[in-house]
Amino acid sequence: MCYQCGSATRRSFARFLAAGAGLTVLAACTPEAPPAAPSSSAALSSASPSPAAPTASAGPTAEAATVGQSPETQSPTPSPSATLARQFSLDDPASQWVIVNKHRPLKPADYVPADLARPDVAISASGEAALLNSTTAAAAEAMFAAAARDGVAMVLASGYRSYSTQVTTYNGYVAARGQADADTASARPGHSEHQTGWAFDIGDGGGACSFQPCFADQPAAAWAKANAYRFGFVVRYPWMLHPITGYYYEPWHLRFVGVEAATDMVNRGIGTLEEYFGLEAAPAYL
């Protein structure tokens, strides 16, 4: 989930609902609590018509992995066991396959990776947000270098986020907007992938469309969508699969699962980790 989202992001997502999506707004989290603002329901009542889907280019294989099937036409939940043996824990936060979502909090909730490191890549974040666990950092270095060779500028915009940072962020949202609205804009403490060190957000180096839906059309997002799997990353919150993941499309949020699993997801056209590992959808907190 993103390190910070502007009001433009929430307005963009509100447009989906005004067009008849009929879903509660589920937006990504930010590190700083916002000022008091009208509730999301008020914003939705005046939302403008639905925008067109992002047009970021990608090869057909990457498209299948990122977009997947629509919720209405999904086949029975796939399992990796058909082609890839279960190698890592889905519960241990130190595992590259750990699944963290609105149904699956981190255990322990205040988990801190033992091997946080600052990757040798372009970074726009500071402090703890410039860190990743060592495995993710090494993979990010290889991916960023490959993107640069292809003429694509990519920066690390947000990496690790501690439990205490998430407490401050989430409590600020609750104080400003109430818990129901806070749950649409910020992960509850202990429910953020960023806390594991396995996930990070990217930018394009110039700040264009940072943490906004239009980032999908930027070269960094298009390149990552088509190539990130080669380095072990997936776009964690794909387009139109929020009823499964609990979050709207975040083309900037990459999650390391390893080259083998990421490539298997691409080859089999599976869009979410929940589907891939045979877990229930997590659109809202239990």
Side-chain angles (χ1 to χ4, degrees), residues 1-6 8-9 12 27-31 54-59 62-63 65-67 96 116-161 187 192-239 245 247-259 262 265-266 271 273:
M1 292 161 283
C2 70
Y3 195 77
Q4 60 182 11
C5 299
T9 305
S12 296
C29 60
T30 67
T55 57
S57 61
E63 177 72 15
T66 303
V67 177
Q96 66 190 49
L116 289 171
R118 183 184 178 98
D120 186 15
V121 300
I123 300 176
S124 60
S126 60
E128 66 179 27
L131 306 176
L132 303 170
N133 69 37
S134 60
T135 301
T136 306
E141 290 173 356
M143 183 178 70
F144 279 48
R149 289 193 295 271
D150 288 346
V152 175
M154 188 178 294
V155 300
L156 173 62
S158 174
Y160 170 69
R161 192 177 310 146
S192 173
E193 274 201 334
H194 284 272
Q195 191 179 330
T196 68
W198 294 113
F200 61 88
D201 301 325
I202 61 170
D204 70 350
C209 288
S210 295
F211 305 118
Q212 300 177 47
C214 59
F215 182 68
D217 296 319
Q218 300 305 310
W223 189 95
K225 183 178 181 181
N227 296 282
Y229 76 94
R230 298 192 291 118
F231 305 91
F233 295 100
V234 297
V235 177
R236 179 64 175 97
Y237 306 116
W239 172 251
T245 65
Y247 293 95
Y248 278 100
Y249 187 29
E250 293 191 1
W252 54 82
H253 183 103
L254 304 182
R255 164 64 195 276
F256 184 83
V257 292
V259 173
M265 288 180 69
V266 166
L273 295 183

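In this structure, Ala130 and Pro119 approach most closely via the heavy-atom pair O-CD, 3.3 Å. The two residues Val155 and Ser124 make their nearest non-hydrogen contact at CG2-OG, 4.0 Å. Between Ala153 and Ala220, the shortest heavy-atom distance links the atoms O-CB, 3.6 Å. Between Arg230 and Trp223 the shortest heavy-atom distance is NH2-CZ2, 3.9 Å. The two residues Ile202 and Ala157 make their nearest non-hydrogen contact at C-CB, 4.0 Å. Nearest heavy atoms, Phe231 versus Ala142: CE2-O, 3.7 Å.
Aromatic pair Phe200/Phe233: ring centres closer than 6.0 Å.
The aromatic rings of Trp239 and Tyr249 stand perpendicular to each other, their planes meeting at an angle above 60°, with 30° marking the opposite boundary.
A donor-acceptor pair is defined here as one N or O able to donate and one able to accept, closer than 3.5 Å; such a pair exists between the side chain of Glu141 and the backbone of Asp120. Using modelled atom types, no side-chain atom of Glu193 and backbone atom of Ala199 make a donor-acceptor pair closer than 3.5 Å. No donor-acceptor distance shorter than 3.5 angstrom exists from the side chain of Asp150 to the backbone of Val152, with no hydrogens or angles considered. Side chain of Thr136 to main chain of Phe256: no donor-acceptor pair is present (N/O by atom type, distance under 3.5 Å, no hydrogens or angles).
Side-chain contact between Phe215 and Asp204 is present, with heavy atoms from C-beta onward closer than 4.5 Å. Here the side chains of Arg236 and Thr245 are in contact, with some heavy-atom distance below 4.5 Å. At least one side-chain heavy atom of Asn133 sits less than 4.5 Å from a side-chain heavy atom of Trp198. Using a 4.5 Å cut-off on side-chain heavy atoms (C-beta onward), Phe211 and Asp201 make contact.
Distance check: Met154 CE to Phe144 CZ gives 6.0 Å after rounding to the nearest 0.5 Å. From Leu132, atom CG reaches atom CG of Leu156 across 5.5 Å, with rounding to the nearest 0.5 Å. The CG atom of Leu273 sits 5.0 Å away from the CE atom of Met265 when rounded to the nearest 0.5 Å. The line from CD of Gln218 to CD of Gln212 is 9.5 Å long, rounded to the nearest 0.5 Å. Here Ile123 contributes atom CD1 and Ser158 contributes atom OG; the two are 11.0 Å apart, rounded to the nearest 0.5 Å.
Here Glu128 does not pair with Arg161 in a salt bridge; the nearest charged N to carboxylate O distance is not below 4.0 Å.
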